[in-house]
Amino acid sequence: MTKRAAAFGSAGVLVTATLIAGAVAAPMASASADSRHSGPDREARGAATAAAEAAKAGIDWQDCPADWGLEKPIQCGYVTVPLDYAKPYGKQIKLAVDRVGNTGTKNERQGALIYNPGGPGGSGLRFPRRVTTKAPLWANTAKAYDFVGFDPRGVGHSAPISCIDPQEFVKAPKMDPVPDSEADKRAQRKLAREYAEGCYERSGEMLPHMTTPNTARDLDVIRAALGEKKLNYLGVSYGTYLGAVYGTLFPGHVRRMIVDSVVNPSRENIWYEANLGQDIAFEGRWKDWEDWVAANDAAFHLGDTRAEVQAKWLELRATAKKNPIGGVVGPAELLGFFQSAPYYDSSWVPVATVFSKYVAGDPQALVDAAAPDLSDTAGNIASENGNAVYTAVECTDAKWPTSWNKWDRDNTRLHRNYPFLTWSNAWMNLPCATWPVKQQTPVNVKTGKGLPGVLIVQSERDAATPYEGGVELHKRFKGSRLITEKDAGSHGVTGLVNPCVNERVDSYLLTGKLDRTDVTCAPHATPKP
């Protein structure tokens with residue numbers, strides 16, 4: 001699960017262009033063909049129909065459009081899928097995919113490795129760039145696999161959805177997420193309700209079908225279009241839940257699967273409880289970062305104890321609340337920037353450096369880092385789209401509490417001890433309380449016939465996907481192995497240099513072999529100022 005900056009609006013006018021642009025004409029088969037698919041297995045049969053069609057059609061690979069930022073020899077194409085798998089011959093949408101071929105010989109090739117980076121709302125199209133930019137961690141795997149990325153339904157170049165005008169979405173400063181009064185809460189509730197209404201006005205046709213099970217079905221259609229009998233898959237963050245649902249719906253179609261930084265797939269956890277769990281875990285990892293900043297006081301001059309660093313943070317927050325820094329960076333924008341530190345160790349030094357400059361009397365670095373760039377139209381469209389998909393999938397996937405009293409009670413209680421993210425997270429998810437389309441029941445994730453051993457990788461102090469998620473999926477997927485990165489908390493472990501993890505990832509993808517027991521790895525190197 002990825003929190004977009006500000007992050008895991010108000011209603012706009014009706015826009016149909018995004019839906020039309022992502023759609024293609026449906027074959028003239030409809031009524032009689034669809035009527036064959038009835039009963040509880042309708043969607044399963046629809047997915048099988050769509051996969052069979054895709055296997056016949058293949059993918060028309062071309063050079064990627066110039067404005068996608070994907071250099072040769074990466075190629076791009078589209079895969080056609082039904083909007084509604086219960087009606088496989090009904091309205092179709094096109095999903096953008098890209099690939100780069102394996103770097104080894106024909107004999108070394110083991111098929112395609114498909115990637116999802118999380119979100120929901122993240123684009124996987126940059127995955128093949130790990131090969132073209134010669135990322136050393138992936139050199140061995142690249143010899144054996146084509147690297148394949150895709151934009152999930154609703155994302156980017158795949159029938160993108162929208163909930164609010166993008167320029168409106170990024171406008172700053174926004175309201176302080178931490179309410180001072182009942183009036184503040186009423187204002188945030190109004191914004192959340194308007195945002196949900198805006199999603200329906202701008203993207204209503206797509207919303208009922210923006211679910212993880214449908215994205216898993218899309219993944220199976222992409223597998224078929226690639227000409228692959230079985231799926232090789234790497235999913236990070238929300239991509240682990242997508243993998244868990246795929247493995248449950250299509251256990252016999254999995255060849256190799258790695259899930260990294262795992263969403264707890266329990267039905268009770270998806271998605272309301274998952275977000276409450278994040279609030280607790282973020283607080284813990286925020287403290288880890290403050291301890292590190294204090295230990296490096298010689299570099300940052302922000303205090304040599306956690307309490308001193310926290311006092312400076314609260315002072316900065318209070319200043320930004322009273323007078324937004326540079327006129328645009330208030331508490332919400334600060335949080336959008338600072339929350340990357342508990343997310344990723346790679347952000348520890350940059351965030352501390354900006355903070356240090358501000359305290360030393362240079363506010364410009366903070367404005368540059370935390371303020372939205374209103375001139376970046378493409379970036380703002382992507383940001384708004386990512387948030388729209390995050391909301392649509394989480395709100396449609398599962399039933400959410402509709403009682404404001406419950407939200408208020410739960411978040412007020414959590415905020416007392418875990419103030420870093422709690423209210424911000426609540427407002428981000430509150431559109432789900434008034435969601436305008438039917439909310440589904442999450443898939444019961446479990447081991448099915450033919451599911452091979454899955455490799456699960458998890459850091460012990462992950463903020464976005466707390467450790468219990470890896471443990472829970474490990475219990476549900478029989479024969480899986482869990483690699484724990486001890487005393488570490490960066491989100492997304494497989495992209496970090498840690499030979500204990502990296503060698504096992506390579507070995508599994510290249511040979512299919514798992515360790516005989518679960519493995520605990522020492523942490524990767526701590527960042528240095």
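Along the sequence shown, the residues carry numbers beginning at 1. Only this structure's heavy atoms are used, side chains among them; waters, hydrogens and symmetry mates stay out.
Applying the 6.0 Å contact sphere to NZ of Lys399 captures more than 12 heavy atoms from other residues, nucleotides or ligands.
Taking each heavy atom of Asp373 and Asn380 in turn, the nearest pair found is O-ND2, 3.1 Å. The shortest heavy-atom contact between Trp348 and Arg285 is CZ2-NH2, 3.3 Å. Closest heavy-atom contact between Pro173 and Gly330: CB-N, 4.0 Å. In terms of heavy atoms, Ser490 sits closest to His524 at CB-CE1, 4.0 Å. Considering every non-hydrogen atom in both Ile258 and Thr494, the closest pair reads CG2-CG2, 4.4 Å. Listed here is the closest heavy atom pair of Pro529 and Val349: CA-CG2, 4.1 Å.
When side chains are defined from C-beta on, Val236 does not count as touching Asn116, because their heavy atoms never get closer than 4.5 Å. Two residues are said to be in side-chain contact when any heavy atoms from C-beta on lie closer than 4.5 Å; Met257 and Leu455 fail this criterion. The shortest distance between side-chain heavy atoms of Arg217 and Val81 does not fall below 4.5 Å.
Between Lys171 and Asp165 no salt bridge is recorded (no basic side-chain N to carboxylate O distance below 4.0 Å). Using a cutoff of 4.0 Å between basic side-chain nitrogens and carboxylate oxygens, Lys321 and Asp180 are scored as salt-bridged. The pair Arg476-Glu472 counts as a salt bridge, with a side-chain nitrogen and a carboxylate oxygen less than 4.0 angstrom apart. The pair Asp176-Arg317 meets the salt-bridge criterion, since a charged nitrogen lies less than 4.0 angstrom from a carboxylate oxygen. A salt bridge is defined here as a Lys NZ or Arg NE, NH1 or NH2 lying under 4.0 Å from an Asp or Glu carboxylate O, and Glu182 with Arg186 fails to meet this definition. Salt bridge absent: Lys287 and Glu290 never bring a charged side-chain N and a carboxylate O closer than 4.0 Å.
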Next on the checklist: For a side-chain hydrogen bond (donor to acceptor under 3.5 Å, both in side chains) check, start with the C-alpha distance between Tyr115 and Arg130, then their side-chain angles and the critical distance, and finish with the verdict.
Outcome noted: CA-CA 11 Å; Tyr115 174 71; Arg130 295 189 187 181; 3.2 Å; yes
Next on the checklist: Let's go through Leu482 and Val471 carefully: what are the C-alpha distance in whole Å and the side-chain angles of both, what is the deciding distance for side chain to side chain contact (heavy atoms under 4.5 Å, CB included) to 0.1 Å, and is it a yes or a no?
Outcome noted: CA-CA 8 Å; Leu482 174 61; Val471 174; 4.3 Å; yes
Next on the checklist: As a quick check of understanding, evaluate side chain to side chain contact (heavy atoms under 4.5 Å, CB included) for Gln167 and Leu374, giving each step before the final call.
Outcome noted: CA-CA 7 Å; Gln167 294 299 90; Leu374 292 175; 4.2 Å; yes
Next on the checklist: Walk me through whether Ser162 and Arg202 qualify under side-chain hydrogen bond (donor to acceptor under 3.5 Å, both in side chains).
Outcome noted: CA-CA 6 Å; Ser162 168; Arg202 295 169 79 101; 2.9 Å; yes
Item to check | Stepwise side chain to side chain contact (heavy atoms under 4.5 Å, CB included) test for Trp286 and Gln339 | outcome: CA-CA 8 Å; Trp286 172 248; Gln339 72 182 18; over 6 Å; no
Item to check | Full working for ring pair (Phe, Tyr, Trp, His ring centres under 6.0 Å) between Trp407 and Trp423 | outcome: CA-CA 10 Å; Trp407 287 77; Trp423 277 115; 9.6 Å; no
Checklist entry - When you look at Ile456 and Ile483, which way does the side chain to side chain contact (heavy atoms under 4.5 Å, CB included) test go after all the steps? => result CA-CA 6 Å; Ile456 301 169; Ile483 299 176; over 6 Å; no
Item to check | Residues Asp218, Tyr85; criterion side-chain hydrogen bond (donor to acceptor under 3.5 Å, both in side chains); working and verdict | outcome: CA-CA 9 Å; Asp218 293 343; Tyr85 278 94; 2.6 Å; yes
Item to check | side-chain hydrogen bond (donor to acceptor under 3.5 Å, both in side chains) between Tyr467 and Thr484, intermediate numbers included | outcome: CA-CA 9 Å; Tyr467 183 71; Thr484 300; 2.7 Å; yes
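Separating the OG1 atom in Thr520 from the CG atom in Asp487 is a distance of 10.0 Å, to the nearest 0.5 Å. Asp345 contributes atom CG, which lies 8.0 Å from atom OG of Ser459 (distance to the nearest 0.5 angstrom). Interatomic distance, SG of Cys395 versus CG of Leu430, reported as 9.0 Å (0.5 Å rounding). With values rounded to the nearest 0.5 angstrom, Ile114 atom CD1 is found 9.0 Å from Tyr233 atom OH. Residue Glu283 holds its CD atom at 10.0 Å from CG of Leu414, rounded to the nearest 0.5 Å. Remark: Asn269 CG to Asn275 CG distance equals 9.0 Å, nearest 0.5 Å.
Residues Thr212 and Asp397 have side chains that bring a donor and an acceptor to within less than 3.5 angstrom of each other. Side-chain contact check for His474 and Asp518: at least one donor-acceptor pair (N or O, by modelled atom type) lies under 3.5 Å. Side-chain polar atoms of Gln188 and Asp184 form no donor-acceptor pair below 3.5 angstrom. For the 3.5 Å distance criterion, the side chains of Thr396 and Gln440 fail to qualify, holding no donor opposite an acceptor. Using modelled atom types, one finds no donor on one side chain facing an acceptor on the other under 3.5 Å when comparing Thr422 with Asn411. Looking at Asp462 and His491, their side chains do bring a donor and an acceptor atom within 3.5 Å of each other.
A donor-acceptor pair under 3.5 Å is formed between the side chain of Lys174 and the backbone N or O of Phe169.
With respect to Asn429, the side-chain hydrogen bond (donor to acceptor under 3.5 Å, both in side chains) criterion is satisfied by exactly one of Tyr272, Tyr390, Trp271: Tyr390. With Trp313 as the partner, the ring pair (Phe, Tyr, Trp, His ring centres under 6.0 Å) test is satisfied by one option alone out of Trp289, Phe338, Tyr358: Phe338.
Applying the side-chain contact (heavy atoms from CB on, under 4.5 Å) test to Ala196 and every residue at least two apart in sequence or in another chain returns Pro431, Thr434, Trp435, Pro436.
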